[in-house]
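Scope of the values below: all heavy atoms of this structure, side chains included, with no hydrogens, waters or symmetry mates. By convention in this document, chain letters (A, B, ...) are assigned in the order of the sequence lines, proteins followed by strands, and residues within each chain are numbered from 1.
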Amino acid sequence: MKKQLIDFIITSTVMQTPSCGLIALKPINDTLPEIVPGQFVELSIDAVMLRRPISVCDVDYENNILFLLVRNAGKGTSRLLHLPVGSKVNIMLPLGNGFSTNGISFKPGVRTLLVGGGVGTAPMLYLGKKLKENGATVTFLTGAKSSAELLLVDAMKKVAPVAITTDDGSEGDKGFVVNSGIWNQPWDHVYCCGPSPMMKAVAALCKEKQVPCEVSLENMMACGLGACLCCVEKTVRGNVCVCSEGPVFDIKDLTW
Amino acid sequence: MVDLNVKIGELELKNPVMTASGTFGYGSEFADFIDLNRLGGFVVKGTTLHHREGNDYPRMAETPMGMLNAVGLQNKGVDYFINHIYPEIKDIDSQIIVNVSGASVADYVAVAEKIATLDKINAIEVNISCPNVKQGGMAFGTTTSGASEVTKAIRQVYPKTLIVKLSPNVTDITEIARAVESEGADSVSLINTLLGMAVDVERQRPILSTVTGGLSGPAVKPVAVRMVWQVSHAVKIPVIGLGGISCGADAMEFILAGASAIQVGTANFFNPRVTMEIIDYLADYCKRHGVCSINELIGALKV
Ligand SMILES: Cc1cc2nc3c(=O)[nH]c(=O)nc-3n(C[C@H](O)[C@H](O)[C@H](O)COP(=O)(O)OP(=O)(O)OC[C@H]3O[C@@H](n4cnc5c(N)ncnc54)[C@H](O)[C@@H]3O)c2cc1C
Ligand SMILES: Cc1cc2nc3c(=O)[nH]c(=O)nc-3n(C[C@H](O)[C@H](O)[C@H](O)COP(=O)(O)O)c2cc1C
Ligand code: FES
């Protein structure tokens with residue numbers, strides 16, 4: 001998959017919560033390249049020097065629109081969320097490996113659970129759509145601090161059932177995603193993205209249940225291309241770059 | 001046609017624009033964005049005798065107009081380079097320069113001897129200035145005796161173009177430059193990263209796993225230009241300038257200050273096409289200033 005540098009225009013930014021916005025972007029001249037769920041993009045933002053990595057949340061090929069779900073985490077993301085509609089943003093994409101969505105284990109009806117915590121829910125929407133297209137049975141599980149901070153629930157509901165947990169119990173099961181009743185059902189494959197303690201808890205649960213699990217890591221990056229070796233994660237093969245050999249890893253490969 | 005050819009010792013570059021070690025992988029990482037054959041040269045990742053895992057994560061922190069890194073020379077070792085990477089890149093029509101690192105003089109010599117056997121590699125850049133490894137690295141680059149010792153030993157086994165990469169973390173960089181020149185270095189490149197540090201105030205911890213790291217990017221450019229200016233007046237061998245170059249005018253600053261060639265590092269991260277833009281700028285600059293060869297502009301600063 002050839003990586004490209006494309007100028008996009010922001011066509012809308014809709015705040016989902018006070019700190020998270022869904023940004024829609026359209027390429028100025030080009031058409032969107034093919035993107036695998038779980039891949040990410042690197043945006044050039046004028047307030048900071050290095051590009052910022054953001055997962056692909058959804059792709060609308062018909063209307064040539066890329067969706068990114070962005071949490072205000074600091075200088076760069078704050079600027080990005082405040083850029084007015086019509087602003088030009090240079091984006092490098094598609095980057096990284098992405099989740100596995102077909103292959104031998106994906107016979108029709110395979111039961112997949114897509115677990116997202118906070119803004120880590122972002123890649124799950126597009127992943128759910130692709131998995132469904134490929135004949136899998138999809139269930140989303142999403143967690144947040146409270147009902148008001150849940151993300152993308154309506155969009156996910158259009159694709160598949162959504163199980164919810166909140167830390168304070170204001171919606172769905174009370175507790176963390178690993179406390180959801182949904183784990184009592186049998187699963188063939190689990191996908192997970194969220195804060196590191198959450199992914200570690202999900203990975204531990206999947207190991208215990210002997211369910212294959214893929215997680216998407218968010219190590220800090222400089223180049224996004226596998227050139228600088230800044231973003232490494234310890235794996236059974238030694239230190240590997242999250243940007244080029246990830247961001248998605250089979251938990252069997254990690255040293256967690 | 002403007003002539004952008006420059007020479008570094010016996011090494012001929014089709015233009016003065018190279019990429020800096022550790023910031024450009026082995027070239028192929030950027031092949032989707034640029035034509036590698038257009039580069040004057042590219043310096044591959046720091047190579048050591050044995051495989052190195054590098055430092056623990058986190059290895060980087062962005063700072064105002066710059067970044068700190070503490071990669072710690074992660075690489076698979078010189079034999080892996082020779083057997084697996086060299087065959088993949090040797091036919092690129094550009095000068096490939098291997099950046100050599102070691103923890104002891106014997107390590108440096110062993111790597112240099114092995115690289116000397118590779119046909120398509122006409123130069124090495126000896127890194128005596130890495131701030132991110134405990135042993136060796138910068139230790140050799142911060143004293144004239146250390147720098148001389150490494151250069152002398154490598155010179156005995158390496159017949160092709162020998163570039164020594166200098167550390168800016170010294171009181172007088174011209175002393176070190178003169179020391180390596182007198183031991184037979186064909187060129188010096190400068191600067192490597194400046195030793196720096198950043199703190200996460202909420203967690204009250206250093207951001208880097210190694211506490212300190214190397215500062216690079218536009219923030220270091222004025223320091224680098226100053227050092228290139230000083231060194232180019234102190235030695236007769238050609239100087240390669242780098243540190244914070246992120247556009248054609250930045251490259252021109254170094255050339256006017258005395259650099260015969262330049263390297264681009266951190267800027268590749270935020271603008272993967274920057275090297276091509278710089279080459280175009282230099283050709284256009286020569287035209288605008290009515291010179292036929294870029295060589296007329298090296299050290300042409302009017303003071
Ligand atoms: C592959 C990948 C996919 C990502 N997907 C998304 C996404 O879909 N939506 C989203 O909102 N965020 C995502 N992130 C995280 C996002 O990149 C960071 O939040 C962002 O880079 C912070 O930049 P900033 O300038 O706003 O913050 P800064 O001002 O640079 O830093 C603010 C704080 O954020 C921390 N930080 C900086 N970079 C990162 C990082 N890469 N990961 C985590 N913390 C960081 C810093 O340590 C600091 O404490 C992803 C990261 C990666 C690596
Ligand atoms: C992530 C990273 C890794 C680096 N690795 C090496 C290395 O292996 N060997 C070396 O001599 N210099 C290394 N450097 C230093 C650069 O080659 C260069 O000297 C420095 O970054 C200044 O140039 P810049 O400001 O254009 O980046 C590294 C720099 C960075 C940012
Ligand atoms: S961010 Fe540079 S190698 Fe991953």
Side-chain angles (χ1 to χ4, degrees), chain A residues 1-7 33 41-53 73-77 79 89-96 196 217-247 254-256, chain B residues 19-34 42 44-46 51-76 132 200 207-209 213-214 216-219 244 246 265-274 276:
Chain A
M1 236 173 304
K2 200 172 141 85
K3 299 175 185 112
Q4 300 183 40
L5 282 164
I6 298 180
D7 283 331
V41 304
E42 283 265 14
L43 299 99
S44 173
I45 306 168
D46 57 7
V48 288
M49 180 186 77
L50 296 171
R51 288 170 182 265
R52 290 297 188 262
K75 258 203 204 132
T77 48
R79 173 76 179 139
V89 184
N90 183 265
I91 302 184
M92 183 162 78
L93 81 170
L95 304 174
S196 167
L217 305 186
E218 295 200 346
N219 293 12
M220 281 190 277
M221 296 179 175
C223 72
L225 296 169
C228 74
L229 311 187
C230 285
C231 63
V232 293
E233 179 73 19
K234 271 203 179 83
T235 70
V236 293
R237 310 187 294 278
N239 283 330
V240 307
C241 293
V242 170
C243 68
S244 52
E245 298 191 41
L254 299 174
T255 55
W256 293 357
Chain B
T19 56
S21 178
T23 65
F24 202 65
Y26 294 101
S28 55
E29 292 85 348
F30 287 82
D32 284 349
F33 304 113
I34 63 171
F42 64 99
V44 302
K45 181 75 208 148
H51 170 103
R52 282 180 58 96
E53 274 296 301
N55 294 321
D56 284 344
Y57 179 86
R59 291 179 173 183
M60 66 140 289
E62 186 167 339
T63 57
M65 287 314 281
M67 64 177 279
L68 291 164
N69 90 82
V71 172
L73 297 174
Q74 179 178 335
N75 79 105
K76 293 193 166 142
N132 296 325
D200 180 335
I207 296 182
L208 300 174
S209 68
S216 65
S246 62
T266 304
N268 290 302
F269 303 160
F270 51 90
N271 179 5
R273 289 196 186 125
V274 63
M276 302 294 111

Student: If you look at every heavy atom in B:Pro58 and A:Met220, which pair is closest and at what distance?
Tutor: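 So the minimum-distance heavy-atom pair works out to CB-CE, 4.4 Å.
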Student: Do side-chain atoms of A:Lys2 reach the backbone of B:Asp32 as a donor and acceptor pair under 3.5 angstrom?
Tutor: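 Here the side-chain-to-backbone pair exists.
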Student: Quick one: closest heavy-atom pair of B:Tyr57 and A:Asn219, and the distance?
Tutor: OH-CA, 3.2 Å
Student: At their closest point, which heavy atom of A:Gly226 faces which heavy atom of B:Glu29, and how far apart are they?
Tutor: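 Taking A:Gly226 first and B:Glu29 second, the nearest heavy atoms are O-OE2, 3.7 Å.
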Student: Under 4.5 Å from any heavy atom of chain B, what part of A:Lys234 do you find: side chain, backbone, both or neither?
Tutor: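 The answer is the side chain of A:Lys234.
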Student: Can you tell me how far CE of B:Met65 sits from CG of A:Leu50, rounded to the nearest 0.5 angstrom?
Tutor: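 The CE atom of B:Met65 is 9.5 Å from CG of A:Leu50, to the nearest 0.5 Å.
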Student: Ignoring hydrogens and geometry, is there a side-chain-to-backbone donor-acceptor pair from B:Glu62 to A:Met49 under 3.5 Å?
Tutor: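 Confirmed, B:Glu62 side chain pairs with A:Met49 backbone.
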Student: Side chain from CB out, backbone as N, CA, C, O: work out which of these in B:Tyr26 comes under 4.5 Å of a heavy atom of chain A, or both, or neither.
Tutor: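 For B:Tyr26, no heavy atom lies under 4.5 Å from chain A.
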Student: Could you tell me which portion of B:Ser246 (side chain, backbone, both or neither) has an atom closer than 4.5 angstrom to a non-hydrogen atom of chain A?
Tutor: neither
Student: Looking only at heavy atoms, what is the nearest atom pair of A:Asn239 and B:Asn55, with distance?
Tutor: ND2-O, 4.1 Å
Student: State, yes or no, whether a side-chain contact exists between A:Val232 and B:Glu53 at a heavy-atom distance under 4.5 Å.
Tutor: no
Student: Relative to chain B, which of A:Glu233, A:Lys75, A:Met221 shows the most heavy atom pairs under 4.5 Å?
Tutor: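 The residue among A:Glu233, A:Lys75, A:Met221 with the greatest pair count is A:Met221.
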Student: Highest number of heavy-atom pairs under 4.5 Å with chain B: which of A:Ala227, A:Cys228, A:Gly224?
Tutor: A:Ala227
Student: Side chain, backbone, both or neither: which part of B:Phe33 has a heavy atom under 4.5 Å from chain A?
Tutor: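 The side chain, not the backbone.
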Student: Which atoms of A:Glu42 come close to chain B, meaning under 4.5 Å heavy atom to heavy atom: side chain ones, backbone ones, both, or neither?
Tutor: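 Neither part, no heavy atoms under 4.5 Å.
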Student: Which heavy atom of B:Val71 sits nearest to which heavy atom of A:Cys230, and what is that distance?
Tutor: CG2-SG, 4.1 Å
Student: I'd like to verify something: which residue of B:Gly27, B:Gly66, B:Gly54 has the highest number of heavy-atom pairs under 4.5 Å with chain A?
Tutor: B:Gly66
Student: With rounding to the nearest 0.5 Å, note down the distance linking CG in B:Asn271 to CG in A:Asn90.
Tutor: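 It is 8.0 Å, given to the nearest 0.5 Å.
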Student: Among A:Gly238, A:Ala222, A:Ser44, single out the residue with the greatest number of heavy-atom pairs under 4.5 Å to chain B.
Tutor: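 Sorted descending by pairs with chain B, the first entry is A:Ala222.
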Student: To the nearest 0.5 angstrom, please state how far the CG atom of A:Leu229 sits from the CG atom of B:Leu73.
Tutor: 10.0 Å
Student: Name the option with the most non-hydrogen atom pairs under 4.5 Å to chain A; the candidates are B:Phe24, B:Phe30, B:Phe269.
Tutor: B:Phe269
Student: Side chain from CB out, backbone as N, CA, C, O: work out which of these in B:Asn268 comes under 4.5 Å of a heavy atom of chain A, or both, or neither.
Tutor: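 Neither part.
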